[in-house]
Amino acid sequence: MKIKMKDGSIREADFKEELGKNAFWHTTAHILAQAIKRLYPDTKCAIGPSIKNGFYYDFDFHFHFSEENFAEVEAEMKKIVNENLQLKHFIVDHKKAIQIMEEKNESYKIELLNELPKEEKISFYQQGEYLEMCAGPHIAYTNAIKAFKLLSIAGAYWRGNEKNKMLTRIYGISFPSKDLLEEYLNQLEEAKKRDHRKLGKELGLFALFEEGPGFPFFLPKGLLLKNLLIDYWRKLHIREGYMEISTPIMLNRQLWETSGHWNYYKDKMYTTLIDETDFAVKPMSCPGSMLVYKMEPHSYREFPMRISELGLIHRNEKSGTLHGLMRVRCCTQDDAHIFMTPEQIQDEIKGVAHLIDEVYSNFGFHYHVELSTRPENSIGSDKDWEMATNSLKNALDDLKLPYIINEGDGAFYGPKVDFHLEDSIGRTWQCGTIQLDFQLPQRFKAEYIGEDGNKHQPIMIHRVVFGSIERFIGILIEHFAGKFPLWLSPVQVKILSISDKYMNYIKEIEMTLKKEGIRCEVDERAEKIGYKIRSAQLEKIPYMLIIGEKEAKTSCVSVRKRDDGDLGSMPIKQLLEILQKEGI
RNA sequence: GCUGACAUGGCACAGGCGGUAGCGCACUUCAUUGGUAAUGAAGAGGUCACGGGUUCAAGUCCCGUUGUCAGCUCCA
């Protein structure tokens, strides 16, 4: 495909390449806008870029546009594709650009233009009667778009600011062939089957009720999973020299005023009055941790001092942001606070980053890293912020971890490094984070005795590995599509009886497995074996033991593996070896 | 919080123009005692999210509330 660039040059790129894909989708967005303008000329166009999967276009409609309108819009788009319009590119000066957009009464475009310097040259693309101010790139002709589909409709604030008008955003996707579109839509369907909310219900892991929006309930199998993760986490943290504590979920107002949360975080905290004193349910565990630190004097010899806590935290998140286990109002953070000297910062950050990498790699997760800098609403001096931000940067550079920078996205008390994981449809969620904090030790007047015999203020790191255990479980469910590895499976082995004549032998096998610490269940219903296998398979249980006359007589078990099918008959001892090897 | 859509037995769904609810799976009972993804039969389960309104009559139409979903904003 020929791609027309912003500067007027032409490049060659395939749809498989990033450039080709962007141009392809971007052009489809223009075709959408062209169709909209043909059908509803009063509509104003805002912006319409290509995105990770497809494109969107934001419109300001003068009527209620709904998905019922999709059919006629798609029909018009089809016409535009068939007209095989050429995308012409030209550049005008700023004044002329404003003139063109004023003629077309495109007020959003004019607003964008007014923010550009007057000497800026403005790039335009035109296909047929449709003209758009746009930086491109675009493909050369509309009929390359052999298959497209409008996918959904949603509100989106103009320029992403919630104080601005909400526009109507139309999402879509397009491909150079019908087969590719089919394939994509199938993939979407498949991804939906992995949705942790769906699997969580089907597998009996967790539940959410109208009585507590955003407050998940853990069901027996889900809690087992959560506890297994916690066991794993504890083992790692003991190895890494952390000391675990537990602090109350409610503390008084004075503490939150000291920490700064009362001023900077109050709208997200649940508060109540006890004996005429304000109390807040903790949205973070750090202030509790500070109290523990301050119980007694500390020496630099104790540093780095790593205090961990599985903190049950509550945050009044906006109702529209709640999302299964991924975004909740109550969760367990695998928090830890590390107190140290300035010289120890680099090594500590690197150590934590290593730990996070170890855990994510253990699950086969892919992640990306973001560094967030000082936000507008923050506390502390410029000097401290600069030092903290540079410490994080240096550690990431040392580790050769690629990262992107989020300007102004840090916590109010310090900059942070976030580790993001992907869900089944490619949305990313912040999980691990390392946050440097010069503020809290200062606010709490925390100190330690240095090598010089004088008092100093310790540096503090807040960090989580899972992030919230809830969110991490959500990611786990989607990553494994509910087929957890053996060590994490709530039920590891299901024994399926062929007839009830051999129940004694089955109970014997069950006891043997349970003595080895293997989580197993017996399906002794009066059903056929095919039915029970199907049932265990749907429960995604890793190992099934089929036991009937043959097994009872030969003192064996027939083993069926969730992912590999029939493994044949073997003595129980051999099965135990297989399970041990896989890791229980 | 904002915009839009949705809300029917445990689950997944039907219910053109308003005439007081259906199917499949699961569940219970009975029969069947079987060999690697669904044995057969019978039975029980719903004040159609909640609160108002229109109407002789509302699952169905209107308004509100709550919740869910998609996205925006925000965040672990």
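As the structure is a computational prediction, the values presented were derived from the model and not from experiment. In what follows, chains carry the letters A, B, and so on, assigned in the order in which the sequence lines appear, proteins first and then strands, with residues in each chain numbered from 1.
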Quickly work out the [X] [atom1] to [N] [atom2] distance and round it to whole Å.
| X | N | atom1 | atom2 | result |
| --- | --- | --- | --- | --- |
| A/Y543 | B/U36 | OH | P | 21 Å |
| A/I170 | B/C72 | CD1 | C1' | 15 Å |
| A/R534 | B/A26 | CZ | C1' | 11 Å |
| A/I547 | B/U36 | CD1 | P | 16 Å |
| A/I506 | B/G35 | CD1 | P | 15 Å |
| A/F59 | B/C72 | CZ | C1' | 17 Å |
| A/K163 | B/C74 | NZ | P | 10 Å |
| A/L325 | B/A76 | CG | C1' | 13 Å |

Please determine whether any donor N or O and acceptor N or O are separated by less than 3.5 Å between the side chain of [X] and the base of [N].
| X | N | value |
| --- | --- | --- |
| A/Y157 | B/G71 | no |
| A/E211 | B/G67 | no |
| A/R197 | B/C69 | no |
| A/R329 | B/C75 | no |

Using a 3.5 Å distance criterion without hydrogens, assess whether the side chain of A/E74 forms a donor-acceptor pair with backbone atoms of A/L150. yes
Main chain of A/K494, side chain of A/E521: is a donor-acceptor contact present, judged purely on distance under 3.5 Å? no
Once you apply a heavy-atom cut-off of 4.0 Å, does [X] come out as touching a base, just sugar-phosphate, or nothing?
| X | result |
| --- | --- |
| A/E317 | base |
| A/G548 | base |
| A/E470 | nothing |
| A/R525 | sugar-phosphate |
| A/R169 | sugar-phosphate |
| A/K532 | nothing |
| A/A536 | nothing |
| A/D409 | sugar-phosphate |
| A/M326 | base |
| A/E67 | nothing |
| A/S558 | base |
| A/I529 | sugar-phosphate |
| A/R159 | nothing |
| A/K192 | nothing |

Can you check the distance between [N] and [M], where both ends of the measurement are the [atom1] atom (answer in whole Å)?
| N | M | atom1 | result |
| --- | --- | --- | --- |
| B/U60 | B/A21 | C1' | 12 Å |
| B/U73 | B/G1 | C1' | 8 Å |
| B/U32 | B/G19 | C1' | 46 Å |
| B/G9 | B/G45 | C1' | 6 Å |
| B/G59 | B/G67 | P | 24 Å |

Does CG belonging to A/N504 count more than 12 external heavy atoms closer than 6.0 Å?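 Counting other residues, nucleotides and ligands, CG of A/N504 stays at 12 neighbours or fewer.
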To the nearest 0.5 Å, what is the distance between CG on A/L399 and NE2 on A/H354? 5.5 Å
How are the rings of A/Y40 and A/F63 set relative to one another: parallel (under 30°), tilted (30 to 60°) or perpendicular (over 60°)? tilted
Would one find a side-chain N or O of A/S66 under 4.0 angstrom from OP1 or OP2 of B/G4? no
Does A/H420 have a side-chain nitrogen or oxygen under 4.0 Å from the phosphate oxygens OP1 or OP2 of B/C75?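 The answer is no; no side-chain N or O of A/H420 sits under 4.0 Å from OP1 or OP2.
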Nucleotide nearest A/E551 (side chain, heavy atoms from C-beta), chosen from B/G35, B/G4, B/A37: B/G35
Given B/G1, B/C75, B/C27, identify the nucleotide with an atom nearest to the side chain of A/K318. B/G1
Mind listing the N/O atom pairs, protein and nucleotides 6-10 of chain B, below 3.5 Å?
none

Assess whether ring-ring contact (aromatic ring centres under 6.0 Å, His included) is satisfied between A/W25 and A/H30, documenting all intermediate values. CA-CA 9 Å; A/W25 284 335; A/H30 277 210; over 10 Å; no
For A/Q333 and for A/A156, find the nucleotide of RNA chain B with the closest heavy atom, then tell me which residue's nucleotide is more 5'. A/A156
On RNA chain B, nearest-nucleotide positions of A/K528 versus A/K416: which is more 5'? A/K528
Going by atom types alone, do A/N362 and A/Y232 pair a side-chain donor with an acceptor below 3.5 Å? yes
Looking only at side chains, do A/E510 and A/Y505 share a donor and an acceptor under 3.5 Å apart? no
Considering only nitrogen or oxygen atoms on both sides, find all protein atoms under 3.5 Å from nucleotides 45-51 of chain B and state each distance.
none

Under 6.0 Å between the ring centres of A/F55 and A/Y57?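 Between A/Y57 and A/F55, which both carry aromatic rings, the centre distance is not below 6.0 Å.
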